[in-house]
Student: 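There's a structure below that I have some questions on.
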Protein chains: 2
Amino acid sequence: MARYDSGMTETRAYHHGDLRRALLAVALEAIEEVGPAALSLRDLARRAGVSHAAPAHHFGDKAGLLTALAAQGFDLLAQTLTAAGDDLLAAGVAYVDFAVRHRAHFEVMFRPEFYRADDAELVTAQGRARAALRAGVAALPTRGAPSDTDRDALAAWSIAHGFATLWLAGALPDRVGDEPREAARAVLRRLAT
Amino acid sequence: MARYDSGMTETRAYHHGDLRRALLAVALEAIEEVGPAALSLRDLARRAGVSHAAPAHHFGDKAGLLTALAAQGFDLLAQTLTAAGDDLLAAGVAYVDFAVRHRAHFEVMFRPEFYRADDAELVTAQGRARAALRAGVAALPTRGAPSDTDRDALAAWSIAHGFATLWLAGALPDRVGDEPREAARAVLRRLAT
DNA sequence: AATCGTATCTTGCCATTGACAAGATGCCGC
DNA sequence: GCGGCATCTTGTCAATGGCAAGATACGATT
């Protein structure tokens, strides 16, 4: 069968092995090509070389698959932010860079209508990401009442998230260039002074 | 026929009258209920009381309908921003308020994979919105080189857009409350000082 | 090592949808 | 009236999501 000769050392051994992981991998490719809305489970099955009903066994339905992807994404984001360290500007740049480099994950993560927001694994992953976000803001010098920290955190998250979203939507003028980290740094500096 | 007794004075006279407008109206309702991705042309036809192929005549396909909605949305946004005046903070609050009050429009406008980005009417509407955006930022005192105005515009747009997007995604903590204008003002003040 | 239980995957099926083609309906100008 | 045309309907097809039932292979138990 064709499904046995996938060759590469990573995603092979479909039958008993990691079809689940393979499906998540091809799902990322498919989402980068057509977006999360136009994702087709049957297309994923074809890409993975399995029958059209195989994905359902591992994820139940499309929402199940996207839930798994979202959880994976929040974990990855938490990792990325933690690695960026305590500097607010660096964390913001890392946030934008994550959105661009892991576009498929990012586009699923903030579309709760596509997945099951009450999934346990997802919720804990979101918690990790949230904690990593706040860690970056905590390093800011407090400029007033302690409640200002919350406001600052929201402001920082908003500007990074907004820039990333506009970048991905192709809404920004060409003049900002094609280097997201650089462009993000210039904009985020406006707030993180 | 049932399609003639829509009663209200606004969207009546389907056969020769404004099926197009009626379809756009029910599309907004449907999008608020299930999101733009799960929008079904046949469902719109049922809501409007026409046959399943009627929408295709006015919009060609689903992308055509969403293109019309996006153009309508950008025009509405331009209007809203212009009405908000020259104050940057007020413009930002108006932007967020627009996103929440016209959620369906907003959710389509920034998903170019759903519509035809090269549509003429859409492009001009985008131009109007972009101009209105820049007008709000131009009132800011310049704090350096003139190129800073571009940066400031991007920063302001990013923070307002990010806050709006996170609000719509339900990603913000409950503690921000349920009054978008108020919450947005508190966050945007952090930048527009 | 043989067997049983179970996870994994396949085949078959049905309702829904988007898109297209062809036909019906009714308005409007001549 | 009458013809042309925009508008809307009916009919159809391929693709999809999801479900049910069956096949297959692994692993644990004896």
Side-chain angles (χ1 to χ4, degrees), chain A residues 1-6 11-27 29-31 33-69 108 111 113-116 119, chain B residues 1-6 11-27 29-31 33-69 108 111 113-116 119:
Chain A
M1 303 297 235
R3 66 177 192 268
Y4 282 109
D5 57 357
S6 56
T11 56
R12 60 187 163 116
Y14 281 147
H15 195 143
H16 37 109
D18 38 21
L19 211 208
R20 182 186 164 97
R21 182 159 13 211
L23 285 173
L24 289 175
V26 295
E29 294 175 15
I31 290 173
E33 294 172 14
V34 299
L39 186 67
S40 153
L41 289 182
R42 290 170 109 103
D43 178 53
L44 297 188
R46 280 189 293 268
R47 289 175 192 241
V50 293
S51 82
H52 65 84
H57 179 261
H58 289 277
F59 301 103
D61 54 4
K62 199 195 289 194
L65 187 143
L66 292 177
T67 302
L69 267 189
V108 173
R111 262 179 204 101
E113 72 269 23
F114 283 168
Y115 56 78
R116 276 183 267 279
D119 179 84
Chain B
M1 302 296 237
R3 66 175 190 271
Y4 282 108
D5 57 355
S6 55
T11 56
R12 61 190 161 117
Y14 281 148
H15 195 143
H16 37 109
D18 38 22
L19 211 209
R20 183 186 163 97
R21 184 161 9 213
L23 285 173
L24 289 175
V26 294
E29 295 176 14
I31 291 173
E33 293 172 15
V34 299
L39 186 69
S40 155
L41 289 181
R42 290 171 109 101
D43 179 53
L44 297 188
R46 280 189 293 267
R47 289 175 192 240
V50 293
S51 84
H52 63 85
H57 180 260
H58 289 277
F59 301 102
D61 56 4
K62 197 194 290 192
L65 187 142
L66 292 177
T67 302
L69 267 189
V108 173
R111 265 183 202 98
E113 72 270 22
F114 283 167
Y115 55 77
R116 276 183 266 280
D119 179 84

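Because only heavy atoms are used, hydrogens play no part in the values below, and waters and symmetry mates are left out as well, while side chains stay in. First the proteins, then the strands, lettered A, B, ... as listed; each starts at 1.
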Student: Taking atom C1' of C:dG18 as reference, at what distance in whole Å does atom CZ of B:Arg42 sit?
Tutor: 7 Å
Student: Between P on C:dG18 and CG on B:Leu65, what's the gap in Å once rounded to a whole number?
Tutor: 11 Å
Student: Scan A:Arg46, A:Arg21, A:Arg47 and name whichever one has a side chain to side chain contact (heavy atoms under 4.5 Å, CB included) with A:Val26.
Tutor: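 With A:Val26 as partner, A:Arg46, A:Arg21, A:Arg47 yield a single side chain to side chain contact (heavy atoms under 4.5 Å, CB included), made by A:Arg47.
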Student: What integer distance in Å separates B:His52:NE2 from C:dA24:C1'?
Tutor: 14 Å
Student: Please report, rounded to the nearest Å, how far the C1' atom of D:dG18 is from the CG atom of A:Leu41.
Tutor: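 That distance rounds to 9 Å.
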Student: With a 4.0 Å limit, can you tell me whether A:Ser40 has a side-chain N or O closer than that to the phosphate oxygens OP1/OP2 of D:dA15?
Tutor: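 So the side-chain polar atoms of A:Ser40 never come under 4.0 Å of the phosphate oxygens OP1 or OP2 of D:dA15.
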Student: Evaluate the side-chain contact (heavy atoms from CB on, under 4.5 Å) criterion for residues A:Val34 and A:Asp43: first the C-alpha distance (whole Å), next the side-chain angles of each, then the deciding distance (0.1 Å), finally the verdict.
Tutor: CA-CA 11 Å; A:Val34 299; A:Asp43 178 53; over 6 Å; no
Student: Please pick, from D:dG18, C:dT11, C:dA19, the nucleotide with the shortest atom-to-atom distance to any side-chain atom of A:Ser51.
Tutor: C:dT11
Student: side-chain contact (heavy atoms from CB on, under 4.5 Å) for A:Tyr115 and A:Leu69? Distances and angles first, verdict last.
Tutor: CA-CA 9 Å; A:Tyr115 56 78; A:Leu69 267 189; over 6 Å; no
Student: A:Ala56 or A:Asp43: which one's nearest nucleotide on DNA chain D is closer to the 5' end?
Tutor: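 Here A:Asp43 is the residue nearer the 5' end.
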Student: Answer whether the closest heavy-atom distance between the side chains of A:Arg116 and A:Asp61 falls below 4.5 Å.
Tutor: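 SC-SC contact between A:Arg116 and A:Asp61 confirmed.
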Student: If only side-chain N and O atoms of B:His58 are considered, is one of them under 4.0 Å from the OP1 or OP2 phosphate oxygen of D:dC8?
Tutor: yes
Student: How long is the line joining CG of B:Asp18 and P of D:dT7, in whole Å?
Tutor: 12 Å
Student: What is the distance, to the nearest angstrom, from the CZ atom on A:Phe59 to the P atom on D:dG17?
Tutor: 14 Å
Student: I need the CG-P distance between B:Leu66 and C:dG18, as an integer number of Å.
Tutor: 11 Å
Student: Can you confirm whether B:Phe59 sits close enough to B:Arg20 that some side-chain heavy atom of one is under 4.5 Å from a side-chain heavy atom of the other?
Tutor: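 Result yes, sub-4.5 Å side-chain heavy-atom pair found.
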Student: Do the side-chain N or O atoms of A:Arg46 get closer than 4.0 angstrom to the phosphate oxygens (OP1, OP2) of D:dT16?
Tutor: yes
Student: Whole angstrom is fine here: how far is it from NZ in A:Lys62 over to P in D:dG17?
Tutor: 5 Å
Student: Answer with base, sugar-phosphate or nothing: what part of the nucleic acid does B:Leu39 contact at a heavy-atom distance below 4.0 Å?
Tutor: sugar-phosphate
